[in-house]
Each structure stands twice: as structure tokens, then as C-alpha cells.
2 protein chains.
Amino acid sequence: MDKKTAQRSKHVRGTLNTSRIMEAASELFYLNGYQNTSMDDVAASLSVTKPALYYHFKSKEAILLACVQDAFDRFQGLMQAQALSAASGRDRLCVFLKNYLVITTGNFGISLVLSEPHVLSPEGRKLYVRYRNSINRQLMQILTQGISDGSVRTGDPTLTSYAIFGMFNWAAKWSPDKPEISNDEIFEHFMSVILSGIDGDTRPEQEGPKSGAAP
Amino acid sequence: MDKKTAQRSKHVRGTLNTSRIMEAASELFYLNGYQNTSMDDVAASLSVTKPALYYHFKSKEAILLACVQDAFDRFQGLMQAQALSAASGRDRLCVFLKNYLVITTGNFGISLVLSEPHVLSPEGRKLYVRYRNSINRQLMQILTQGISDGSVRTGDPTLTSYAIFGMFNWAAKWSPDKPEISNDEIFEHFMSVILSGIDGDTRPEQEGPKSGAAP
DNA sequence: ATCAAAACTTACCGATTGGTAGAATGCTGT
DNA sequence: ACAGCATTCTACCAATCGGTAAGTTTTGAT
């Protein structure tokens with residue numbers, strides 16, 4: 001019945017399939033960028049040759065879009081796993097951003113965040129923009145709800161969403177280079193900035209010892 | 001004879017020179033991305049042929065780096081034009097970010113912000129990273145001063161600088177697609193988020209007339 | 001064992017593109 | 001007019017890369 005046939009060489013712990021190709025490709029995409037990663041690179045990292053990839057994917061772009069879709073689906077899965085429709089906008093924002101950070105700092109997530117629409121075909125771009133717009137709309141809706149229920153205080157939710165996405169999308173870019181900074185640290189700090197700001201003259205009751213902030 | 005005299009932004013219509021090449025190239029870079037812009041594209045947009053560009057620049061990368069350097073120099077010029085060493089960290093932060101936004105949403109600035117180190121040669125990457133690090137250090141220093149003088153309240157200035165750069169660098173990316181949003185709007189809104197945050201439950205005593213009664 | 005489909009390889013194509021050689025044209029001072 | 005340099009053009013190369021054709025090996029059902 002089941003034959004794992006692990007008599008292959010190398011660290012190949014399985015047969016070639018779409019998942020393994022996506023993992024290898026996304027790893028290279030996030031290390032070197034999509035355009036700087038050739039199909040030969042992907043193939044070599046899997047110890048196969050290029051046409052083997054084309055047996056499983058019809059194009060290089062198809063691999064990228066599969067990664068995008070996978071990251072998007074995982075994100076939606078995380079969001080649905082935490083049904084918080086009754087919570088305040090601000091609390092939903094926290095959950096949303098936590099999930100967003102988890103996804104976008106993962107390997108597949110970088111494809112979802114950092115793909116340049118320029119490099120995609122018209123159809124691919126359409127799909128990509130659809131995913132991004134869906135996520136954008138969710139954040140907008142959360143912010144709008146927060147404004148309604150009073151848990152969020154901001155002017156234009158559109159500009160606010162841009163500011164928030166900027167912080168987190170950029171984090172997806174540098175976080176691979178800063179493994180010493182954990183996702184939890186990033187999340188806590190960014191949420192603090194987003195929620196409380198950094199102005200030192202307005203002092204909310206968050207008074208603490210002025211201990212040297214260990215620069 | 002002239003090795004560093006390239007900062008004249010005169011748009012002499014008619015004669016080809018380094019400035020006009022940089023303008024045309026950066027326009028295409030920010031529209032289509034560096035890698036998706038061929039030297040033939042740049043040449044065509046100037047109604048010349050490719051070798052004409054290579055008479056003025058030794059490589060495609062040299063054009064990009066010239067744009068980066070120009071944007072950096074303009075930024076430094078703006079900063080020095082407003083000597084605020086006596087001001088509080090928070091006020092210097094405002095000036096810094098205003099100037100940063102002006103530069104990075106300009107044509108040349110996009111090269112300074114969005115260039116991917118992958119695409120650069122080792123020497124080019126070194127130069128690019130030096131410019132970026134210089135700017136990063138300035139923001140870090142401003143934040144640190146703000147923490148010292150009490151005008152800024154934040155934990156790790158490094159993470160805070162990442163958050164801030166994320167917002168603004170990302171803005172450089174989408175702002176060309178949203179011409180209806182002015183730089184002033186972006187600046188005011190982002191500064192509001194950075195300084196005050198968006199939490200509706202904590203009421204900083206910034207004389208806010210009660211907005212949205214709490215449930 | 002047999003055979004067909006699945007999975008993968010070798011070898012190649014065609015288009016793009018950064019960059020160059022060398023000829024042609026323009027410009028400037030004398 | 002002419003020398004001589006500056007500038008731009010025509011024509012081309014070499015490398016890269018996405019993708020394919022066609023053949024070969026592996027797998028699995030019968």
C-alpha cells in the first residue's frame with residue numbers, strides 16, 4: 001500500500017509535490033526576491049531539474065500565486081478560528097494584527113505582502129489584488145466598527161489602515177534579518193504605538209520608574 | 001573635470017545630461033520598478049538610444065545610485081536647513097518625518113526607499129546600506145533624545161523607529177497611486193497616530209472634549 | 001511480466017536585456 | 001575650413017531565464 005520509498009539520496013524526505021515546491025520557492029523568494037529567483041534555483045534547491053517543476057506548476061507565477069493563496073487561506077483560517085464579532089473594534093484589531101503578523105512573517109506570507117503587482121500577469125495581478133483588497137477591507141471594517149463603538153479614536157480610517165499596514169508589512173520585510181526580535185516583541189511594541197502613541201507630554205496613567213531604558 | 005557636480009535639478013529641455021536621465025529613469029523606476037525598467041525604456045522615454053545613456057552613466061545601477069544619492073543629499077539639505085538641535089526630541093521628530101515624507105514621495109526618493117539590496121552589486125549595496133543606515137541612525141538619535149528629555153515615551157527606540165519607517169516607507173509605495181491624498185494629510189494623520197495613538201478608551205488629558213461616550 | 005500512466009531528465013528554443021564596438025554626427029575654437 | 005573632441009547612432013554580442021519537446025525511468029494496477 002504505502003511505500004514511502006525513502007531510498008532517495010539527500011535530505012529529501014519525500015517525493016516532490018506542490019507543497020515542497022512552494023516551500024522551497026517561497027524560501028528563495030523571501031531570501032532573494034521573486035525576480036531574482038530563477039526556476040533553476042528552485043529546482044536546484046530541491047535537487048531536481050526545472051521541468052520537474054513544470055510538471056507540478058504551469059508557470060513560475062503559478063507558484064507565487066499558490067503561496068499567496070495559501071497564506072491568505074491560513075490567515076482567514078486564523079481569523080475564523082477566533083470568532084470575535086461581539087468584541088470591541090479595538091480588541092478585534094489586536095486579534096487581526098496578531099494573526100496578520102504571524103502569517104506575514106512566515107515564509108508564505110512574504111509572498112502575500114511583498115509581491116509587486118508589476119511582475120504579475122494581468123490575471124495574476126487581478127487575483128493578487130483581490131486578496132489584498134479583502135484583507136484591507138477587513139481592517140477598514142474593524143476600524144470603522146471601533147470608531148462606532150468608541151473603542152477606537154481616529155480620523156480617517158483609510159489613512160489609519162495604511163499606517164498600520166505600513167508598520168506590519170515593513171516588519172515582514174526586515175523581520176527575517178532580525179531573528180533576535182520575536183514576533184511577540186514586535187506585536188506588543190507596535191500595538192503600544194498604535195494604541196497609545198509615543199508622545200511624552202500627554203501622560204496617561206502609565207507612569208513608571210524613569211529607569212534607564214537600556215538603549 | 002566634474003565628478004560630483006550632478007545635483008543641478010535644472011530641466012534643460014533639449015540637451016541630454018545626467019539630471020534628465022535620472023529624472024526619466026526614476027520616473028520609470030517608481031512606475032514599473034527598477035528591474036522591470038530596461039535601459040531601452042529609459043532611452044525611449046528620452047527619445048534617444050541606449051548607448052547615449054551609457055555615455056553619461058557607466059551602468060544601469062549607476063543611475064539608480066545617483067538617484068539614491070541625490071535623494072539622500074536633498075534630505076540632508078532639508079534637515080540642515082532647519083537646525084533644531086535645541087528643540088525637543090518630539091519636535092525634531094516632526095521635522096524629520098515631514099522632510100522624510102517630502103523626499104520619499106518624490107521621484108528620486110522612491111529609489112532611496114524601495115531599492116532592494118538584492119538587485120545591487122556588492123559595492124552598490126554597500127553604498128545604499130550606508131545611506132539607509134545614516135537615516136536610521138538619525139531617527140534613532142532623535143527618539144533617544146526624546147526619551148531623555150521626556151518628550152517621547154516609548155520602550156525600545158529601535159522597534160519604534162522600525163514602526164515609524166514602516167509607515168512612511170510604505171506610504172512612499174502607495175502614495176503615487178493615491179494622488180488625491182496630499183502629503184500634508186498623510187503627515188498630519190500619521191503624526192497623530194504616532195504621537196497619540198488611536199485607542200478610544202484611554203483618554204489622555206489632551207483637552208479632548210469627550211468623544212464618543214463610553215458604553 | 002506487462003503495459004500505461006506518472007514523474008522526471010536531457011537538450012533545446014526564443015525573447016529579453018545589460019552592455020559594447022565602431023562608425024557617424026554635432027560642436028567649438030582657431 | 002578644418003582639426004579635434006563631444007555626443008549619439010547602428011548593429012551587435014553574451015548571458016540569463018522562462019518555458020517546451022521529446023525521450024527515459026519509475027510506479028502501480030492487472
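Residue numbers begin at 1 in each chain, while the letters A, B, ... track the order of the sequences.
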* Asked: Restricting to pairs with a member in residues 42-63 of chain B, which pass side-chain hydrogen bond (donor to acceptor under 3.5 Å, both in side chains), not counting sequence neighbours?
  ->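 Of all non-adjacent pairs touching residues 42-63 of chain B, those that pass side-chain hydrogen bond (donor to acceptor under 3.5 Å, both in side chains) are B/E61-B/S121.
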Atom-pair distance ([atom1] on [X]; [atom2] on [N]), nearest Å:
X	N	atom1	atom2	result
A/L46	C/dA7	CG	C1'	14 Å
A/L16	D/dT27	CG	P	13 Å
A/D41	D/dA15	CG	P	18 Å
A/L120	D/dG18	CG	P	14 Å

* Below 4.0 angstrom from OP1 or OP2 of C/dC8, is there any side-chain N or O of A/H56? ->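 For C/dC8, OP1/OP2 do have a side-chain N/O of A/H56 under 4.0 Å.
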* To do: Indicate whether OP1 or OP2 belonging to C/dC8 is found under 4.0 Å from a side-chain N or O atom of A/Y55.
  =>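 Result: no.
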Dump the pairs, protein N or O against N or O of nucleotides 18-23 of chain C, anything under 3.5 Å, distances to one decimal.
residue : atom : partner : partner atom : Å
C/dG18  : OP1  : B/K60   : NZ           : 2.9
C/dG18  : OP2  : B/M39   : N            : 2.8
C/dG18  : N7   : B/K50   : NZ           : 3.0
C/dG19  : OP2  : B/Y54   : OH           : 2.8
C/dG19  : OP2  : B/K60   : N            : 2.9
C/dG19  : N7   : B/K50   : NZ           : 3.0
C/dG19  : O6   : B/K50   : NZ           : 2.7

* Asked: Which pairs pass ring pair (Phe, Tyr, Trp, His ring centres under 6.0 Å) with one or both residues in residues 108-138 of chain A, sequence neighbours excluded?
  ->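 Sorted result for residues 108-138 of chain A: A/F72-A/Y131.
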Who pairs with [X] by ring-ring contact (aromatic ring centres under 6.0 Å, His included), at least two apart in sequence or on another chain?
X	result
B/F190	B/F168
A/F57	none
A/Y30	none

* In terms of the angle between their ring planes, are B/Y162 and A/W174 parallel, tilted or perpendicular, with boundaries placed at 30° and 60°? ->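 Plane angle between 30° and 60°, so tilted.
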